[in-house]
Amino acid sequence: MAGVLRAERVWVETFTGLRMDQFGRLLKAVRERGGEGCGWGRPWRLPLAERVLLVAVYYRTNLTMRQLAPLFGVSPATVCRVIQRLGPLLALEPARTPADAAERLWIVDGTLVPIRDRKVGASSRNYRFSANVQVIVDAESRLVVATARPVPGNTADAKARRDSGLAQHCEGVTVLGDGAYINTGLIVPHRKRPGRPLLKGEEEDNAQHRKVRARVEHTFSRMKNYKILRDCRQRGNGLHHAVQAVARMHNLTLAA
């Protein structure tokens, strides 16, 4: 059975949100990480470019494997194996402390991702079974610096960040957070105290803080154009791999 989608410009740009040159960089990274194959067993029916396209389309559209199978001319079982094999290889590269760390401004925040796996998610404030994903964004470039492994959605942001190990990526960097990160060493907005309104200078600081911190919310909005982050059906590490891959593709779309 012949498939419809191929690693050609019209299909790549329509179904992944990436330009052809950006998709080429993603393909190169997967190839360098050993995506060609494990060196034993039956060869893949699809070439590497189309397997990477399959994973990107899955994350972008959140179609079921049964729906994706005829689009690529393979079985649903093959689609599943391709996603499990290549999904981790699309991951965002580990963040390194930049040389000009003292001049950088990063923003940290958490977002809730609805998920079906009850071992990963929990009933949370969005009235759905969700996972809390912590993300660090560079305030100037809007690039995702790092993402944390998902935790149950009823976990407080401050605890999720503390337990995730994200703090080690931020050594020497100024980091903004919202009021949920109070007493964590981050720059957070001023809080009103009983019987004492905010001073004029504090209100101005909070307004500037909100203006800058909104950039992480814009990043979440763009990342959730990948429908996998609106209703994740993956189990186990599937959501973690999906978030990492989406962060990488988001960064590619912002690259010059």
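The backbone N or O of Lys200 sits nowhere less than 3.5 Å from a side-chain atom of Glu203 that would complete a donor-acceptor pair. Remark: the backbone N or O of Pro189 is not paired with any side-chain donor or acceptor of Asn206 at under 3.5 angstrom. The closest donor-acceptor contact from the side chain of Arg51 to the backbone of Gly35 lies under 3.5 Å. Under a 3.5 Å cut-off, the side chain of Thr14 and the backbone N or O of Trp11 do not form any donor-acceptor pair. Judged by distance alone, with hydrogens and angles left aside, the side-chain atoms of Thr155 form no donor-acceptor pair with the main-chain N or O of Val151 at under 3.5 Å.
When the options Gln67, Gln234, Lys227 are evaluated for a side-chain contact (heavy atoms from CB on, under 4.5 Å) with Tyr58, the one that passes is Gln234. When each of Val212, Val173, Val137 is checked for a side-chain contact (heavy atoms from CB on, under 4.5 Å) with Leu105, only Val212 meets the rule.
The pair Asp163-Lys159 counts as a salt bridge, with a side-chain nitrogen and a carboxylate oxygen less than 4.0 angstrom apart. Note on Glu13 versus Arg19: no salt bridge recorded, every NZ/NE/NH1/NH2 to OD/OE distance being 4.0 Å or above. Ion pair Asp178/Arg210 not flagged as a salt bridge, since none of the NZ, NE, NH1 or NH2 atoms sits closer than 4.0 Å to an Asp/Glu carboxylate oxygen.
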| request: Determine, stepwise, if the pair Arg149 / Asn237 fulfils side-chain hydrogen bond (donor to acceptor under 3.5 Å, both in side chains). | output: CA-CA 9 Å; Arg149 186 172 293 276; Asn237 291 325; 2.8 Å; yes

| said: side chain to side chain contact (heavy atoms under 4.5 Å, CB included) for Thr174 and Arg104? Distances and angles first, verdict last. | reply: CA-CA 6 Å; Thr174 302; Arg104 293 293 186 94; over 6 Å; no

| What's the verdict on salt bridge (Lys or Arg N to Asp or Glu O under 4.0 Å) for Glu36 and Arg31, showing C-alpha distance, side-chain angles and the deciding distance? | CA-CA 6 Å; Glu36 285 287 4; Arg31 183 178 287 112; 3.1 Å; yes

| field | From CA spacing to verdict: side chain to side chain contact (heavy atoms under 4.5 Å, CB included), Leu71, Leu63 | value | CA-CA 11 Å; Leu71 293 177; Leu63 293 173; 4.0 Å; yes

| said: For a side chain to side chain contact (heavy atoms under 4.5 Å, CB included) check, start with the C-alpha distance between Thr219 and Val144, then their side-chain angles and the critical distance, and finish with the verdict. | reply: CA-CA 8 Å; Thr219 297; Val144 176; 3.9 Å; yes

| request: For Leu252 and Phe23, run side chain to side chain contact (heavy atoms under 4.5 Å, CB included): C-alpha distance rounded to whole Å, both residues' side-chain angles, the deciding distance at 0.1 Å, then the answer. | output: CA-CA 8 Å; Leu252 284 172; Phe23 180 77; over 6 Å; no

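Checked by atom type, the side-chain pair Ser164/Arg161 shows no donor-acceptor distance below 3.5 Å. Side-chain contact, Gln134 with Asn132: a donor N or O sits under 3.5 Å from an acceptor N or O.
Applying the side chain to side chain donor-acceptor pair (under 3.5 Å) criterion to Asn154, with sequence neighbours excluded, gives no partner residue. Not a single salt bridge (charged side-chain N to carboxylate O under 4.0 Å, His left out) links Asp157 to another residue, sequence neighbours left out.
Between Leu229 and Tyr59 there is no side-chain heavy-atom pair separated by less than 4.5 Å.
In the hydrophobic cluster analysis, where Ile, Leu, Val, Met, Phe, Trp and Tyr join through side-chain heavy atoms closer than 4.5 angstrom, Val10 is grouped together with Leu54. There is no path of hydrophobic side-chain contacts, each under 4.5 Å, that joins Ile228 to Leu112.
Taking NE2 of His218 as the start and CD1 of Ile107 as the end, the distance is 10.0 Å to the nearest 0.5 Å. From Leu46, atom CG reaches atom CG of Leu53 across 9.5 Å, with rounding to the nearest 0.5 Å.
Taking a 6.0 Å sphere around CD of Glu140, one finds it holds 12 or fewer heavy atoms contributed by other residues, nucleotides or ligands. Within a 6.0 Å sphere centred on CZ of Arg9, other residues, nucleotides and ligands contribute 12 heavy atoms or fewer.
For the salt bridge (Lys or Arg N to Asp or Glu O under 4.0 Å) condition, the pairs that include at least one residue of residues 234-248, sequence neighbours left out, are Glu93-Arg248, Asp117-Arg235.
With Phe129 as the aromatic partner, Arg118 meets the cation-pi criteria of under 6.0 angstrom to the ring centre and within 45 degrees of the ring axis.
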